[in-house]
Enquirer: 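Quick one: the structure is below, questions incoming.
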Amino acid sequence: MLDNRERFYVGIGIVAGVLLTLGFKDVYPDLERRFRRRMRRYSTTTSGRRVSQFWRGSVHLEDHTVAREGTTDVEIPVGIEGCIGNTPLFKIRSLSEATGCEILAKAEFLNGAGNSPKDRVALSIIKAAEDEGVLRPYSGDKIYEGTVGSTGISLAAICRARGYLAHICMPDDQAKEKSDLLLKLGAEVERVRPSPIISEDHFVNRARRLAAEHTASNDIPGHGVFADQFENEANWRAHFEGTGPEIYKQVGGRLDAFVAGAGTGGTISGVALYLKPRIPDVKVVLADPEGSGLYNRVKYGVMFDPKEREGTRRRHQVDTIVEGIGINRVTNNFEAGRELVTDAIRVTDEQAKAMARWLVEKDGIFVGSSSAVNCVAATKLALELGKGHRIVTILCDSGTRHLSKFWDQVGAVGNDDELSLDAVLNA
């Protein structure tokens with residue numbers, strides 16, 4: 001039985017319900033009329049169907065329950081090494097529109113360890129040494145390398161990830177931010193005076209000698225391994241097994257030309273060796289900076305002037321501001337694919353600087369000197385081939401590694417609407 005207070009509350013509830021029902025009954029017809037008028041105003045009739053003005057697409061239902069339950073085979077990268085490779089390929093809008101060709105860039109600066117294509121090389125060299133049993137993690141083993149920067153940075157990062165030390169010898173005329181970065185990655189760094197390859201003081205020869213001295217010493221833990229990126233076949237194989245297949249898949253097997261510079265020669269050789277058997281008509285074109293002998297090697301079959309015997313040149317190459325590509329000697333990695341390189345394009349420092357400025361002005365792409373050289377050569381080739389062709393080139397590293405040298409000479413970048421492609425190519 002309900003008491004008097006409970007009966008009072010029940011009565012209040014019944015009265016409130018009746019009043020709400022009567023009120024809604026009076027208001028509802030007006031609400032319904034307004035709703036229908038609004039629907040008629042914002043809809044159109046197509047083929048007897050009423051279609052919303054705001055949504056004209058079809059609805060696709062997808063089942064994501066499996067992914068949410070975690071039962072799909074999703075491979076999670078392991079360590080920083082797992083972030084190497086599978087870099088995106090994108091169209092450089094401004095150069096494509098200006099030439100009428102598709103100029104596509106492989107964004108190798110997005111490799112996850114040292115942020116350059118040398119990540120692939122460094123990992124390949126280290127894995128090969130591990131397979132041969134000459135490297136043992138956390139034993140004091142140290143990798144020695146002579147490099148102008150990018151390979152050293154990749155080695156330093158991957159060595160730290162896999163339990164090794166790195167000792168890098170590099171010319172002292174390279175951008176200082178490279179050696180600063182190496183130090184922050186825990187590498188030992190020696191900046192040495194530039195000298196000819198025949199000199200014992202050449203940065204590559206010094207690294208080789210230090211590795212041998214480490215191994216021979218009873219006072220230093222572990223032993224030394226010379227990475228030897230110029231001659232080590234693990235270099236070009238990294239691009240044959242990684243970069244080349246990725247490009248082939250990303251372009252769907254349709255490609256007219258591949259353009260790249262060469263330092264060690266591993267990138268252009270490895271990619272050429274993969275692409276040529278699958279796309280027989282593809283052109284493989286070398287982009288070469290001032291002072292490099294590779295242009296003559298490709299065009300005329302010799303490294304230097306005919307009166308100089310190959311491999312004995314003692315004078316320094318032209319003083320170029322381009323870092324990372326261009327060389328005056330034959331390397332095993334370049335020779336591995338040289339016969340597949342169909343042409344070479346010379347690029348001046350002024351053209352490289354103008355292209356670097358163009359890429360920022362037009363596309364917001366901020367790259368280093370070797371990438372700018374690649375883009376100049378790709379653009380020249382596009383104009384030579386004519387409209388409708390597809391060309392892939394490499395963006396090697398970010399401009400942040402070239403601030404104190406290359407970009408210091410490029411100068412300030414503003415809103416230069418008058419900057420033309422002809423001005424870039426004729427700089």
Side-chain angles (χ1 to χ4, degrees), residues 95 105-106 108-109 115-118 146-153 170-179 191 194 196-197 203-204 229-230 259-268 285-299 303-304 313 315-329 331 333-334 341 344-360 365-381 393-411 413 424-427:
L95 296 180
K106 182 73 167 157
E108 286 293 278
F109 61 88
N115 310 126
S116 81
K118 297 302 184 181
T147 167
V148 296
S150 290
T151 304
I153 292 167
M170 61 186 301
D172 64 6
D173 61 352
Q174 302 302 295
K176 186 176 181 297
E177 47 266 31
K178 292 183 180 181
S179 57
R191 291 177 68 98
I197 187 63
F203 62 97
V204 172
Q229 61 167 324
F230 290 90
V259 178
T264 63
T267 301
I268 196 168
V285 180
L286 172 74
D288 212 31
E290 293 179 290
S292 173
L294 296 179
Y295 174 86
N296 286 332
R297 183 68 171 168
V298 171
K299 298 285 281 188
M303 272 303 266
F304 313 118
R313 191 179 200 187
R315 59 189 174 85
H316 295 303
Q317 68 181 57
V318 174
D319 186 19
T320 177
I321 60 170
V322 174
E323 298 178 357
I325 58 173
I327 194 173
N328 268 326
R329 70 179 190 275
T331 68
N333 278 289
F334 185 72
V341 181
I345 296 175
R346 178 78 79 195
V347 178
T348 68
D349 283 357
E350 294 303 317
Q351 289 170 335
K353 289 188 291 184
M355 177 57 74
R357 192 162 51 247
W358 167 283
L359 290 172
V360 173
I365 300 173
F366 184 54
V367 292
S369 55
S370 56
S371 301
V373 169
N374 287 344
C375 288
V376 171
T379 303
K380 287 184 175 182
L381 181 63
T393 193
I394 301 289
L395 296 186
C396 307
D397 59 5
S398 166
T400 55
R401 291 185 186 171
H402 302 261
L403 294 174
S404 64
K405 187 177 178 183
F406 178 70
W407 271 98
D408 186 57
Q409 294 195 34
V410 171
V413 177
V424 172
L425 299 181
N426 294 317

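Values below: all heavy atoms of this structure, side chains included; hydrogens, waters and symmetry mates excluded.
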Enquirer: Working to the nearest 0.5 angstrom, can you tell me the gap between Ser371 OG and Ile394 CD1?
Expert: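 Output value for this atom pair is 9.0 Å.
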Enquirer: Distance check, rounded to the nearest 0.5 Å: Phe366 atom CZ versus Ser398 atom OG?
Expert: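 Spacing of CZ (Phe366) from OG (Ser398) equals 5.5 Å.
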Enquirer: Do Gln409 side-chain atoms and Phe406 backbone N/O form a donor-acceptor pair below 3.5 Å?
Expert: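 Side chain of Gln409 to backbone of Phe406, a donor-acceptor pair under 3.5 Å: no, none is there.
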Enquirer: Taking all non-hydrogen atoms of both residues, which atom of Thr264 and which atom of Thr331 are closest, and how far apart?
Expert: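 Closest pair (atom of Thr264, atom of Thr331, distance): O-OG1, 2.7 Å.
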Enquirer: Please give me the minimum heavy-atom distance between Asn374 and Ala287, naming the atom from each residue.
Expert: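 Of all heavy-atom pairs spanning Asn374 and Ala287, the closest is OD1-CB, 3.7 Å.
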Enquirer: Would you tell me whether Asp408 and His402 have side-chain atoms, one donor and one acceptor, within less than 3.5 Å of each other?
Expert: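 Distance-only check fails for Asp408 and His402.
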Enquirer: Roughly how far, to the nearest 0.5 Å, is the CG atom of Leu286 from the NZ atom of Lys299?
Expert: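 Output value for this atom pair is 10.5 Å.
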Enquirer: Considering non-hydrogen atoms only, spot the tightest contact between Lys405 and Thr320 and give its length.
Expert: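 Residues Lys405 and Thr320, closest heavy atoms: NZ-O, 4.1 Å.
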Enquirer: Using a 3.5 Å distance criterion without hydrogens, assess whether the side chain of Thr393 forms a donor-acceptor pair with backbone atoms of Ala378.
Expert: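 No: the side chain of Thr393 does not pair with the backbone of Ala378.
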Enquirer: Taking the side chain as everything from C-beta on, heavy atoms only, tell me whether Leu425 gets closer than 4.5 Å to Val376.
Expert: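 Yes, at least one pair of side-chain atoms sits under 4.5 Å.
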Enquirer: Where is the tightest heavy-atom contact between Ala352 and Val373, given as atom of each residue plus distance?
Expert: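 Looking at all heavy atoms of both residues, the closest pair is CB-CG2, 3.9 Å.
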Enquirer: Is there a side-chain contact between Val367 and Leu359 in this structure, where contact means two heavy atoms from C-beta onward sitting under 4.5 Å apart?
Expert: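 Yes, close enough: below the 4.5 Å cut-off.
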Enquirer: Taking atom types as modelled, is there a side-chain donor on Ser404 or Glu177 under 3.5 Å from an acceptor on the other?
Expert: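 On atom types as modelled, these side chains qualify, holding a pair under 3.5 Å.
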Enquirer: One pair to check against side-chain contact (heavy atoms from CB on, under 4.5 Å): Ile365 and Val360. What are the steps and the verdict?
Expert: CA-CA 5 Å; Ile365 300 173; Val360 173; over 6 Å; no
Enquirer: Using modelled atom types only, decide if a donor and an acceptor are shared between the side chain of Lys353 and the backbone of Ala372 within a distance under 3.5 Å.
Expert: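 No.
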Enquirer: How many angstroms lie between NZ in Lys118 and CG in Asp397, if you round to the nearest 0.5 Å?
Expert: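 Lys118 atom NZ to Asp397 atom CG measures 10.5 Å (nearest 0.5 Å).
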Enquirer: Is it true that the NZ or CZ of Arg329 lies under 6.0 Å from the centre of Phe230's six-membered ring and within 45 degrees of the ring axis?
Expert: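 Yes, cation above the ring, under 6.0 Å and within 45°.
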Enquirer: Quick one: closest heavy-atom pair of Val204 and Gly146, and the distance?
Expert: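 The answer is CG2-O, 3.9 Å.
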Enquirer: Could you tell me whether the side chain of Asn333 reaches within less than 4.5 Å of the side chain of Gln229, counting heavy atoms only?
Expert: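 Gln229 vs Asn333: side chains apart.
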Enquirer: Please tell me if the side chains of Cys375 and Leu395 come closer than 4.5 Å, counting only heavy atoms from C-beta onward.
Expert: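 Of all side-chain heavy-atom pairs linking Leu395 with Cys375, at least one is under 4.5 Å.
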Enquirer: Do Val148 and Met170 have side-chain heavy atoms sitting under 4.5 Å apart?
Expert: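 Side chain of Val148 against side chain of Met170, heavy atoms only: no contact under 4.5 Å found.
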Enquirer: Between CG of Leu294 and CZ of Arg297, what distance do you get to the nearest 0.5 Å?
Expert: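 Here the interatomic distance stands at 9.0 Å.
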Enquirer: How far does CD1 of Ile153 sit from CZ of Arg401, to the nearest 0.5 angstrom?
Expert: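 If I round to the nearest 0.5 Å, the distance is 4.0 Å.
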Enquirer: Give the minimum heavy-atom separation between Ile268 and Ala262, together with the two atoms involved.
Expert: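 Taking Ile268 first and Ala262 second, the nearest heavy atoms are CG2-CB, 4.2 Å.
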Enquirer: Should Asp172 and Pro194 count as side-chain neighbours, where that means a heavy-atom distance under 4.5 Å?
Expert: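 Asp172 reaches Pro194 side chain to side chain.
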Enquirer: Salt bridge or not for Glu290 and Arg346, using N-O below 4.0 Å?
Expert: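 Salt bridge: no.
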Enquirer: Strictly distance-based, threshold 3.5 Å: is any side-chain N or O of Ser292 a donor or acceptor partner for the main-chain N or O of Pro289?
Expert: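 Answer holds: no.
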Enquirer: Under the 3.5 angstrom rule, does the side chain of Arg357 hit a backbone N or O of Val413 as a donor-acceptor pair?
Expert: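 Side chain of Arg357 to backbone of Val413: no pair is present.
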Enquirer: Are any of the side-chain heavy atoms of Trp358 and Leu95 separated by less than 4.5 Å?
Expert: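 Heavy-atom side-chain distance check passes, below 4.5 Å.
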Enquirer: Does this structure show an ion pair linking Lys178 with Glu323, if we count only N-O contacts that are shorter than 4.0 Å?
Expert: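 Glu323 and Lys178: salt-bridged.
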Enquirer: Going by heavy atoms in the side chains, are Thr400 and Trp407 under 4.5 Å from each other?
Expert: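 The answer is no, as the side chains (C-beta and beyond) never meet within the 4.5 Å cut-off.
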